[in-house]
Amino acid sequence: MRKSLSIVITLCALLFSVHVNAALINVAPDGTATASSFFAASTPANAIDGDNTTVWNSGTFAPATITIDLGETIAISQITGLVEQTPNGNVRHDVFLDNILSFSWTGFSTTGLLFVHDFITPVAARTIRITTTDSPSWVAWREIQVFTQSNAIPVPATIWLFLSGLILLFINRRKSIPRNRNDHFSAFSAA
């Protein structure tokens, strides 16, 4: 029973302490946004404020551009764009990282559509520029999010639990191993 308990404790502790939880954090709100143009109060800052009810609207048809400066080079894992568009139709949004074309979002688009691009490995960049070259409506975004990974550090209690499990496992293994050759043979002869 004690051995089984120590194995369970050890396995649980390993799962929680060895597995590093990677959380995605939106760093866009910490940056600044500029655009080729904007309509009335629909400023570029609205596209990165973390609020899906505000909008950046260029006030013009394509081409139109919005640029996000993160303030420092960050390892980017994912970029998303929540569309604001009336009427619906085919679009092309070219996404540049530090002035280099990284990918494009293309296809039929509607208000509320979420474009997502995951990087296989994080890409280091400071600026993200989205240039819309084709759209049936004025170019606008509800929200643009730029995600980086934050690795969670195991909590001290989890480390303690892991070490306790290892100690219990070690103690139980020592008790189950015969002390010397005579003990081993006497166990068989007693049976």
Side-chain angles (χ1 to χ4, degrees), residues 16-155:
F16 288 111
S17 65
V18 174
H19 182 276
V20 178
N21 294 323
L24 291 178
I25 296 175
N26 179 16
V27 293
D30 298 332
T32 56
T34 57
S36 53
S37 62
F38 64 92
F39 179 74
S42 301
T43 65
N46 290 347
I48 62 167
D49 62 1
D51 182 353
N52 291 344
T53 64
T54 61
V55 175
W56 163 67
N57 190 319
S58 67
T60 64
F61 290 96
T65 298
I66 185 167
T67 303
I68 301 164
D69 185 341
L70 300 174
E72 63 181 315
T73 299
I74 292 177
I76 299 169
S77 297
Q78 183 185 77
I79 298 176
T80 67
L82 183 60
V83 174
E84 174 65 24
Q85 180 183 326
T86 303
N88 302 333
N90 290 319
V91 297
R92 180 180 181 93
H93 306 288
D94 293 327
V95 182
F96 297 81
L97 300 181
D98 289 342
N99 296 317
I100 298 170
L101 179 62
S102 181
F103 61 91
S104 297
W105 286 320
T106 60
F108 189 80
S109 177
T110 64
T111 289
L113 175 71
L114 182 66
F115 283 111
V116 177
H117 182 82
D118 291 305
F119 294 95
I120 295 170
T121 57
V123 176
R126 176 179 173 148
T127 60
I128 297 91
R129 184 177 81 237
I130 302 175
T131 300
T132 302
T133 57
D134 190 22
S135 176
S137 70
W138 284 0
V139 178
W141 291 100
R142 282 195 173 274
E143 197 67 26
I144 298 167
Q145 297 179 311
V146 180
F147 291 99
T148 188
Q149 287 186 349
S150 172
N151 292 329
I153 299 169
V155 294

Using only atom types and a distance under 3.5 Å, with no angle test, would you say the side chain of N26 pairs donor to acceptor with the backbone of F147? no
With sequence neighbours left out, the residues meeting salt bridge (Lys or Arg N to Asp or Glu O under 4.0 Å) with D69 are R126
Would you say the side-chain atoms of S58 pair up with the backbone N or O of V139, donor to acceptor, closer than 3.5 Å?
yes
One should read off an interatomic distance between T132 OG1 and H93 NE2, to the nearest 0.5 angstrom, of 4.5 Å
Full working for side chain to side chain contact (heavy atoms under 4.5 Å, CB included) between W141 and V83: CA-CA 5 Å; W141 291 100; V83 174; 3.9 Å; yes
What one should report as the nearest heavy-atom pair of S102 and F119 is OG-CE2, 3.5 Å
**Asked** Does the side chain of I74 reach to within under 4.5 Å of the side chain of V146, using non-hydrogen atoms?
**Response** no
Distance col, row S36:OG vs R129:CZ, nearest 0.5 angstrom, shows 10.5 Å
Applied to residues 75-84, the side chain to side chain donor-acceptor pair (under 3.5 Å) test, sequence neighbours excluded, yields Q78-D118, T80-Q145, E84-R142
Between the CG atom in N88 and the OG atom in S109, the distance rounded to the nearest 0.5 Å is 7.5 Å
(request) Return yes if some donor-acceptor pair links the side-chain N/O of D134 with the main-chain N/O of V91 below 3.5 Å, else return no. (result) no
Can you check whether F96 reaches T65 side chain to side chain, under 4.5 Å on heavy atoms?
no
Contacts table for residues 38-50: side-chain donor-acceptor under 3.5 angstrom, sequence neighbours left out:
residue	atom	partner	partner atom	Å
N46	ND2	A41	O	3.2
N46	ND2	V55	O	3.0
D49	OD1	D51	N	2.9
D49	OD1	T54	OG1	3.1
D49	OD2	T54	OG1	2.6

When you look at I144 and W56, which way does the side chain to side chain contact (heavy atoms under 4.5 Å, CB included) test go after all the steps? CA-CA 10 Å; I144 298 167; W56 163 67; 5.8 Å; no
Within the 6.0 Å centroid threshold, strictly below: F115 and H117 = no
**Asked** Between L97 and I128, is any pair of side-chain heavy atoms under 4.5 Å apart?
**Response** yes
Interatomic distance, OG1@T148 vs CG@L70, rounded to 0.5 Å, equals 9.5 Å
Separation between CG (D94) and CH2 (W105), nearest 0.5 Å, reads 11.0 Å
Look only at the side chain of T111 and the backbone of Q85, and say whether a donor-acceptor pair between them is shorter than 3.5 Å. yes
